[in-house]
There are 2 protein chains.
Amino acid sequence: MSTHDSSYFQVALSTSLVVYGFDGENLLTLIGQKPQEPYKGAPMLPTTMVKPDQSVEDAAAAVLTESLGLSDYYLEQLNAFSKLYRKPEGRVVNIAHYSLIKHELMERKPAAGYQWIRPKEMPDLVYDHNQIFDFAQERLKRRVKHRPIGFRLLPKEFSFNQIHLLYEQTLGKKLDKRNFHKKLMRSKLLIDEHKAEKMDGSNKPSHLYSFNEKRYNKLNLRGYDFKF
Amino acid sequence: MSTHDSSYFQVALSTSLVVYGFDGENLLTLIGQKPQEPYKGAPMLPTTMVKPDQSVEDAAAAVLTESLGLSDYYLEQLNAFSKLYRKPEGRVVNIAHYSLIKHELMERKPAAGYQWIRPKEMPDLVYDHNQIFDFAQERLKRRVKHRPIGFRLLPKEFSFNQIHLLYEQTLGKKLDKRNFHKKLMRSKLLIDEHKAEKMDGSNKPSHLYSFNEKRYNKLNLRGYDFKF
DNA sequence: ACTCATAAGTGTAAATATTACACTAAGTTA
DNA sequence: TAACTTAGTGTAATATTTACACTTATGAGT
């Protein structure tokens, strides 16, 4: 390995984010628009170039600040997408991330050019962004099965039906209500708040739960098999 | 996102590999040596710089060719390690990979400066290579639990004790022999070759198995929970 | 050829988890 | 007050997990 050759130092870094949120009923993901020609306005993942003296995480965080005005976020690296796929200026390597946004922070409108959409309605994106998105979807599915990650998306107090909807949408399949309930309760992740509240578009008030952070941290560390 | 600024194009790419093999008794991993001052000769992961017009996978494959003389390999990206951690020439981003080597290819001696060691005996490595190695260890554990990945390391025909040893070493814990046997058999991944052979350092000849590729491919795709 | 040492190979019972499945309860609306 | 909508709940059959110890086949030494 020889780095004594400045010809190696010709690559630029970017980072694209797959951002997930839950509005109380639906799992959503954030898309932006290409700011410049060619294909100005075409849908793309929220993306930024990484400055040579900037950490990739900082660059990713800056995207969240710009698009959603957030400084509180969960961020995880997905993969480096490094196809030899070029701009006129040279090679760009995209170190993609995914991010989970707390429900409480979902009320603000995204900045101009950004919008929340349902993952199923993801349009064709520029560059290899659809590949990045698919990668994120797989990662999210795996995470939600093996870690109690859903709680990063839910409100502090949530109904059983909300967590049920979230897991169904994340995994992309129906989950039997009673069996899901049983499994959640067995996990002891939920704290019964002993109160009920009418949810939007509901009739009978829903029982509220919060989640047990201590136990969450244990399971998050050890890993866990929800096995849905 | 503006890339119309050539000042972004100042980064170099490298790739480090965590290579695993199984010699019939032990899970092994490959270390190299730093070829240049400072710290010339210090242990490091097998690593190369990526040429600006080279795919990262090609660069990683070249490391395997150089160190082990292999052109047949399994390679998977781990993560980009992009700490702002510099050479005099600028920033280097390491897109690390891990690789699994078939047992049949383990007989050749590694090239000068490379050697197989047990993962538990991994020494202090240069740069952030220990962090990369730890990341690989976690990935390997997860993979071995959720995919029938062990078969990429084993000989074509192997004994129950070999796969048992491999899984114990990969997961870093004892696995009850009878329960492990039961689970493997239930998975229907093993084909009984109906013959026995005395293994090295053994007495009673061991029953040989090969593995069912069709079923392997199915499970590899779907994912699988060994749940050890 | 017999004894000893070594690694291979095998089964069962108890506890827990998974799956499939349909009705009642509480409150809203017309 | 009847009709509608969503919330909430249990059971039985099957499958999986766990804990646990002895027998078998061979090689080595006498």
Side-chain angles (χ1 to χ4, degrees), chain A residues 23-26 144-146 148 154-155 157-169 171 173-210 219 222-228, chain B residues 23-26 144-146 148 154-155 157-169 171 173-210 219 222-228:
Chain A
D23 70 1
E25 291 178 45
N26 289 296
V144 104
K145 277 186 188 172
H146 300 303
L154 289 164
E157 300 190 332
F158 53 88
S159 68
F160 167 76
N161 284 287
Q162 286 180 320
I163 190 170
H164 184 224
L165 280 171
L166 175 60
Y167 273 70
E168 284 195 334
Q169 290 179 44
L171 294 170
K173 65 178 182 191
K174 287 259 168 278
L175 298 172
D176 181 274
K177 214 179 1 167
R178 280 175 290 184
N179 292 340
F180 182 71
H181 194 269
K182 215 184 304 174
K183 239 174 281 194
L184 270 181
M185 291 314 167
R186 202 173 32 231
S187 77
K188 289 172 184 161
L189 278 162
L190 267 55
I191 297 170
D192 190 334
E193 291 290 328
H194 296 292
K195 58 182 174 180
E197 209 167 273
K198 205 184 81 77
M199 293 284 137
D200 232 37
S202 166
N203 302 324
K204 184 172 171 178
S206 306
H207 209 113
L208 295 185
Y209 299 90
S210 63
L219 291 185
R222 289 174 194 267
Y224 186 67
D225 278 333
F226 271 95
K227 217 179 180 191
F228 295 127
Chain B
D23 69 1
E25 290 177 46
N26 290 295
V144 104
K145 276 187 189 168
H146 300 303
L154 288 164
E157 299 189 332
F158 53 88
S159 68
F160 167 76
N161 285 286
Q162 286 181 323
I163 189 169
H164 185 225
L165 279 171
L166 175 60
Y167 274 69
E168 284 195 335
Q169 291 180 44
L171 295 171
K173 65 177 182 190
K174 288 261 168 272
L175 299 172
D176 181 272
K177 214 176 7 163
R178 280 173 292 185
N179 292 340
F180 182 72
H181 193 268
K182 215 184 302 174
K183 238 173 280 192
L184 270 180
M185 291 314 168
R186 204 174 27 235
S187 77
K188 288 173 184 160
L189 278 162
L190 267 54
I191 297 169
D192 188 335
E193 291 290 328
H194 295 292
K195 59 182 171 178
E197 209 167 275
K198 204 185 83 73
M199 293 285 138
D200 232 37
S202 166
N203 302 322
K204 182 169 170 179
S206 307
H207 210 114
L208 294 185
Y209 300 90
S210 62
L219 292 184
R222 287 175 195 268
Y224 186 66
D225 277 334
F226 271 93
K227 216 178 182 193
F228 295 126

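Model, not experiment: these values are computed from the prediction. All chains are named by letter (A, B, ...) in the order of the sequence lines, taking the proteins before the strands, and each is independently numbered beginning at 1.
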Nucleotide dT12(C), atom C1' - distance to CG of D176(B) in whole Å: 13 Å
Euclidean distance, atom NZ of residue K183(A) to atom P of dT16(C) [Å, nearest integer]: 17 Å
Touch class at under 4.0 angstrom, heavy-atom based, for N161(A) against every strand present: sugar-phosphate
Test item: H181(B) and I163(B) side chains (from C-beta on) under 4.5 Å apart, heavy atoms: no
Residue closer to the 5' end of DNA chain C, K177(B) versus K182(B) (nearest nucleotide): K177(B)
Gap separating the CG atom of L166(A) from the NE2 atom of H164(A), nearest 0.5 angstrom: 11.0 Å
Polar atom pairs (N or O), protein with nucleotides 24-30 of chain D, under 3.5 Å:
unit_1	atom_1	unit_2	atom_2	d
dT24(D)	O2	K204(B)	NZ	3.2

F160(A)-H207(A) aromatic ring centre distance below 6.0 Å: no
F180(A) side chain near L184(A) side chain, heavy-atom distance below 4.5 Å: yes
Distance in angstrom units between F180(B) CZ and dG11(C) P, rounded: 18 Å
Whole-Å distance separating the CZ atom of R186(B) from the P atom of dT18(D): 10 Å
Whole-Å gap separating C1' (dT17(D)) and NZ (K145(B)): 15 Å
For atom CG of L184(B) and atom P of dG9(C), their distance in whole Å: 13 Å
First encountered from the 5' end of DNA chain D, between R178(A) and M199(A): M199(A)
Whether Q162(B) side chain and S159(B) backbone form a donor-acceptor pair below 3.5 Å: yes
NZ/K188(B): more than 12 non-hydrogen atoms of other groups inside 6.0 Å: no
Flag side-chain contact, heavy atom, 4.5 Å: F158(A) against L208(A): no
Between dG9(C) (C1') and D192(B) (CG): distance, integer Å: 12 Å
Atom-pair distance (CG on N179(A); C1' on dT14(D)), nearest Å: 13 Å
